[in-house]
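Data first, discussion second: the structure below is written as structure tokens.
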Amino acid sequence: MTATIKTKTKPTVETLAKLYLNQEPAIVSEEIKTEFCDWILEQFQELPFAVQADYTMHYHDATEMFEDIKQEHLWVSMAEYDSEFYNNSFCGFALLAVHDYDHYQTQSCFTLEGEIQAYKKIASRAPNLEIQKIL
């Protein structure tokens, strides 16, 4: 008889994507949504540059965005991050600006690895696990 030893393997991007796409959406209370938006708005107010909204402006890559941030400016697309999830329509806009600054602080590009780095940066500041789950 041959014994088989199972080892833990690192999940692949495909496995993680399937889990994410096939899961039931999380139920988030209105109270937590409000707490989330309040916290994001606080984070937004701490940004050290001007943020400008636009429906058509898009950065082609992170380097282009980083150059704007170095000049104390950031474009944020309203078209991509408007969501019915937020109690406050400005919250999605503010979240994107904060997220983009996390890309800048971690010098991470717009790849999966870069998104994970930016997520870890903001998640480390989140006041609780419920906020981390939303992120």
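The structure presented is a predicted model; accordingly, all values stated were derived computationally and were not measured.
Across L135 and A126, no two heavy atoms sit closer than the pair CD1-CB, 4.3 Å. Closest approach of C37 and N88 over heavy atoms only: SG-N, 4.5 Å. Heavy atoms only, all atoms of each residue included: E72 and P48 are closest at CG-O, 4.3 Å. Shortest non-hydrogen contact noted between C109 and A62 is CA-CB, 3.7 Å. The two atoms that bring A97 and L47 nearest to each other are CB-CD1, 3.7 Å, heavy atoms only. Shortest non-hydrogen contact noted between Q52 and H73 is OE1-NE2, 3.1 Å.
Looking at E35 and N128, their side chains come closer than 4.5 Å, going by heavy atoms from C-beta outward. Between K70 and Y104 the shortest side-chain heavy-atom distance falls below 4.5 Å. Annotation: side chain of Y86 is in contact with side chain of L95 (closest heavy-atom distance under 4.5 Å). For the pair F49/D68, no side-chain contact is recorded, criterion being any heavy-atom separation below 4.5 Å from C-beta on. Considering only heavy atoms from C-beta on, I122 comes within 4.5 Å of I40 through its side chain. Contact of the F85 side chain with the C91 side chain is not registered, since no non-hydrogen atoms from C-beta on lie closer than 4.5 Å.
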(message) Working note: Y119 + Q132, criterion side chain to side chain contact (heavy atoms under 4.5 Å, CB included); need CA distance, chi angles, decisive distance, verdict.
(response) CA-CA 9 Å; Y119 163 76; Q132 285 182 347; 4.1 Å; yes
(request) List the steps, then state whether side chain to side chain contact (heavy atoms under 4.5 Å, CB included) holds for Q107 with F66. (result) CA-CA 8 Å; Q107 292 295 293; F66 296 167; 3.7 Å; yes
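You'll find the ring centres of F44 and F90 inside the 6.0 Å limit.
Sorted by first and then second residue, the salt bridge (charged side-chain N to carboxylate O under 4.0 Å, His left out) pairs with a member in residues 100-118 read D102-R125; sequence neighbours excluded.
Between the side chain of Y59 and the main chain of W75, a donor-acceptor pair closer than 3.5 Å is present.
From E42, atom CD reaches atom CD of Q45 across 7.5 Å, with rounding to the nearest 0.5 Å. Atom CG of L129 sits about 10.0 Å away from atom CD1 of I32, to the nearest 0.5 Å.
Exactly one of K121, K120, H103 qualifies for a side chain to side chain donor-acceptor pair (under 3.5 Å) with S108. That residue is H103.
Residues passing the salt bridge (Lys or Arg N to Asp or Glu O under 4.0 Å) test with E30 are K33, sequence neighbours excluded.
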